[in-house]
Amino acid sequence: MNTAIIVAAGSGQRFSSDIPKQFVEIGGKPIILHSIERFADCENVSEIIVVLSSDEVDRFSERLNSNLVEKVAKIVAGGSTRAESVLAGLNAADPRTEIVAVHDGARPMITDDEIKRVIDAAAESGAACLTAPVTDTIKIVEDGWITHTVDRRMLRRAMTPQAFKYSILREAFEGVDLTDQVTDECYLVEKLGYRIASVPGGTRNIKITHPEDLELAKAFLTGRIED
């Protein structure tokens, strides 16, 4: 079986809203529910673990029950860092899990095809990450001065889901300082020396971080722009 861990325990300080960005509604549903439904509709996903801040667990559980998302096995409280939150989700996963896919709750425009391809790649290679090309020219800046230009042909943006064999992700979290600002799970797996497959993803799979991102998400999720 395969487990998806959807992480949305952050406060969304950069979003400049009275409520965390993952609970802002688009088309009558909070952003995180759009993300959950994408994974619930994927045949490659057996169960879903949702990780929220401790003060949102009970409130969202009531909302989720009314939407009858049957694949959601547990809703658990995360921590103050991403590493703490992902580990909380991993600890809640069914021990029979073969592949774990970790996804940002604020990425509601992930597609069924992208989820399947990342999980399949992880099943084959052990670890996989959805990526997209870097389209801007990248500069190295030191003390306010541009020192040189990076060859962007070798660069990719890491997105989610990132998927791993259960045993590999477990190993990656052994001995980790959970207070460190680990920004993704690939970083932990890289440190163990595992190779991680890069799976091409679409540019629409943005993480809603700033208010302007919300407007683009609304256009896709309400059908003003075809998905």
Side-chain angles (χ1 to χ4, degrees), residues 2-25 29-40 45-65 67 69 71-95 97 99-108 110 115 118 127 129-130 158-164 166 168-189 191 205-210 213-214:
N2 302 325
T3 297
I5 299 173
I6 299 182
V7 185
S11 60
Q13 293 178 347
R14 288 174 291 177
F15 192 70
S16 302
S17 172
D18 293 335
I19 62 173
K21 61 190 175 184
Q22 57 268 30
F23 297 110
V24 173
E25 294 199 356
K29 298 177 185 178
I31 288 169
I32 187 175
L33 185 53
H34 285 280
S35 300
I36 291 170
E37 288 179 343
R38 297 285 175 124
F39 282 82
V45 174
S46 309
E47 72 164 2
I48 299 169
I49 307 296
V50 181
V51 185
L52 303 176
S53 62
S54 57
D55 56 347
E56 295 287 353
V57 170
D58 290 340
R59 178 164 47 184
F60 189 70
S61 295
E62 294 177 4
R63 175 67 183 271
L64 199 59
N65 288 338
N67 285 272
V69 182
K71 284 188 182 179
V72 175
K74 295 177 184 176
I75 300 175
V76 300
S80 59
T81 66
R82 182 183 180 89
E84 288 177 332
S85 295
V86 173
L87 182 57
L90 187 60
N91 288 337
D94 191 305
T97 296
I99 302 295
V100 179
V102 182
H103 187 66
D104 299 321
R107 290 185 187 269
I110 185 67
I115 297 169
V118 172
C129 178
L130 196 68
M159 303 188 293
T160 66
Q162 299 179 5
F164 314 90
Y166 180 86
I168 291 177
L169 192 57
R170 270 287 176 202
E171 182 184 355
F173 271 97
E174 291 178 1
V176 169
D177 183 351
L178 297 177
T179 64
D180 284 350
Q181 293 301 317
V182 176
T183 56
D184 75 349
E185 294 63 58
C186 281
Y187 170 73
L188 298 177
V189 173
K191 290 175 65 176
N205 182 28
I206 64 170
K207 184 177 182 180
I208 298 175
T209 304
H210 303 285
D213 300 328
L214 180 63

### Task
For I32 and L52, run side chain to side chain contact (heavy atoms under 4.5 Å, CB included): C-alpha distance rounded to whole Å, both residues' side-chain angles, the deciding distance at 0.1 Å, then the answer.
CA-CA 10 Å; I32 187 175; L52 303 176; 3.6 Å; yes
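With hydrogens and angles ignored, the 3.5 Å screen pairs no side-chain donor or acceptor of N91 with any backbone N or O of A88. Q22 contributes a side-chain N or O that, together with a main-chain N or O of A8, makes up a donor-acceptor pair within less than 3.5 Å. Side-chain N or O atoms of R82 include none that pairs as donor or acceptor with a backbone N or O of V182 at under 3.5 Å. Under the 3.5 Å distance criterion, the side-chain polar atoms of S35 are left unmatched by any main-chain donor or acceptor of A106.
Residues V51 and V76 meet the side-chain proximity criterion, which asks for heavy atoms closer than 4.5 Å. The shortest distance between side-chain heavy atoms of L90 and R170 falls below 4.5 Å. Using a 4.5 Å cut-off on side-chain heavy atoms (C-beta onward), I36 and F60 make contact. Side-chain contact between L87 and V176 is absent, with no heavy-atom pair separated by less than 4.5 Å. Here the side chains of V118 and Q162 are not in contact, with every heavy-atom distance at 4.5 Å or above.
Note that CG of L130 is 5.0 Å distant from CD1 of I110, once rounded to the nearest 0.5 Å. Here the CD-OG1 distance, from E185 to T160, works out to 8.5 Å after rounding to the nearest 0.5 Å. Atom-to-atom distance recorded for H103:NE2 and I48:CD1 is 10.5 Å, nearest 0.5 angstrom. Distance check, rounded to the nearest 0.5 Å: OH of Y166 to CD1 of I99 gives 12.5 Å. The CD1 atom of I31 lies 13.0 Å from the NZ atom of K29; values are rounded to the nearest 0.5 Å. A distance of 7.5 Å separates CD in E84 from OG1 in T179, rounded to the nearest 0.5 Å.
Under a cut-off of 6.0 angstrom, the local environment of OH in Y187 is sparse, with at most 12 non-hydrogen atoms contributed by other residues, nucleotides or ligands.
G79 and S85 make their closest contact through N-OG, 3.0 Å (heavy atoms, listed as atom of the first residue, atom of the second, distance). Between R107 and A158, the closest heavy-atom pair is NH2-O, 4.0 Å. Heavy atoms only, all atoms of each residue included: E47 and A73 are closest at OE1-CB, 3.4 Å. A pairwise comparison of heavy atoms in F39 and K71 identifies O-NZ, 4.1 Å as the closest pair. Between F173 and A83, the shortest heavy-atom distance links the atoms CE2-O, 3.4 Å. In plain terms, the two heavy atoms of T3 and A93 that are nearest each other are CG2-CB, 4.0 Å.
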